[in-house]
Amino acid sequence: MSSPDFKKRVLSDDDLSLIASEVPALAELRGVRPWNRDKLWADVLDALIEARTKNERAGAQQAVGAIQVLDAIDRLFVRHHR
């Protein structure tokens with residue numbers, strides 16, 4: 001991971017949107033297209049709060065895990081024009 005290319009930012013928000021749209025736990029949520037991390041987290045947290053069954057809770061937990069992975073990808077590989 002110490003390679004100079006590791007820190008190269010080569011993805012965009014559109015790439016995150018595409019990745020998220022392929023994750024079944026996230027595909028139908030707001031914030032996937034167009035990419036909006038805050039809306040996506042809001043929908044997932046709502047799903048966690050509203051989950052009544054074991055399957056609903058498991059689905060919401062999968063969505064949380066998927067967003068955590070996307071957040072890591074965002075930090076490491078997405079170009080941010082600041």
Side-chain angles (χ1 to χ4, degrees):
M1 294 266 186
S2 62
S3 166
D5 292 335
F6 175 70
K7 291 290 184 178
K8 190 182 286 186
R9 312 272 188 215
V10 295
L11 298 176
S12 68
D13 286 346
D14 290 337
D15 296 318
L16 286 177
S17 182
L18 177 64
I19 294 166
S21 69
E22 294 297 318
V23 177
L26 302 178
E28 300 300 321
L29 300 177
R30 294 178 312 136
V32 171
R33 289 204 180 265
W35 178 252
N36 185 317
R37 179 185 176 275
D38 294 335
K39 285 183 182 178
L40 192 55
W41 266 112
D43 277 5
V44 170
L45 293 176
D46 284 345
L48 276 171
I49 291 168
E50 295 172 6
R52 301 284 182 247
T53 67
K54 185 177 180 178
N55 285 342
E56 288 174 345
R57 287 189 296 276
Q61 286 295 332
Q62 286 179 350
V64 168
I67 293 175
Q68 289 172 330
V69 170
L70 288 168
D71 281 347
I73 291 170
D74 185 22
R75 280 192 313 276
L76 295 172
F77 300 109
V78 175
R79 274 194 196 117
H80 293 283
H81 303 286
R82 297 176 186 176

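In this chain, residues are counted from 1 in sequence order. Hydrogens, waters and symmetry mates are skipped; everything else that's a heavy atom, side chains included, is used. Predicted, not measured: the structure shown is a model, and the values here were computed from it.
- Here the side chains of Lys39 and Val32 are not in contact, with every heavy-atom distance at 4.5 Å or above.
- No continuous path of ILVMFWY side-chain contacts below 4.5 Å connects Ile73 to Leu18, so the two sit in separate hydrophobic clusters.
- In this structure, CG in Leu16 is found 10.0 Å from CG in Leu40, a value given to the nearest 0.5 Å.
- Nearest approach of Ala66 to Val23, heavy atoms of both residues: CB-CG1, 3.9 Å.
- Annotation: side chain of Asp43 is not in contact with side chain of Leu26 (no heavy-atom distance under 4.5 Å).
- Leu29 contributes atom CG, which lies 11.5 Å from atom OG of Ser21 (distance to the nearest 0.5 angstrom).
- Remark: the Asp14 side chain and the Ser17 side chain contain no N/O donor-acceptor pair separated by less than 3.5 Å.
- What you find for Arg57 and Arg52 is that their closest heavy atoms are NH1-O, 3.2 Å.
- With values rounded to the nearest 0.5 angstrom, Leu76 atom CG is found 10.0 Å from Leu11 atom CG.
- A 4.5 Å side-chain heavy-atom check between Asp71 and Trp41 finds at least one atom pair inside the cut-off.
- Atoms CG and CZ, from Leu70 and Arg75 in turn, are 11.0 Å apart once rounded to the nearest 0.5 Å.
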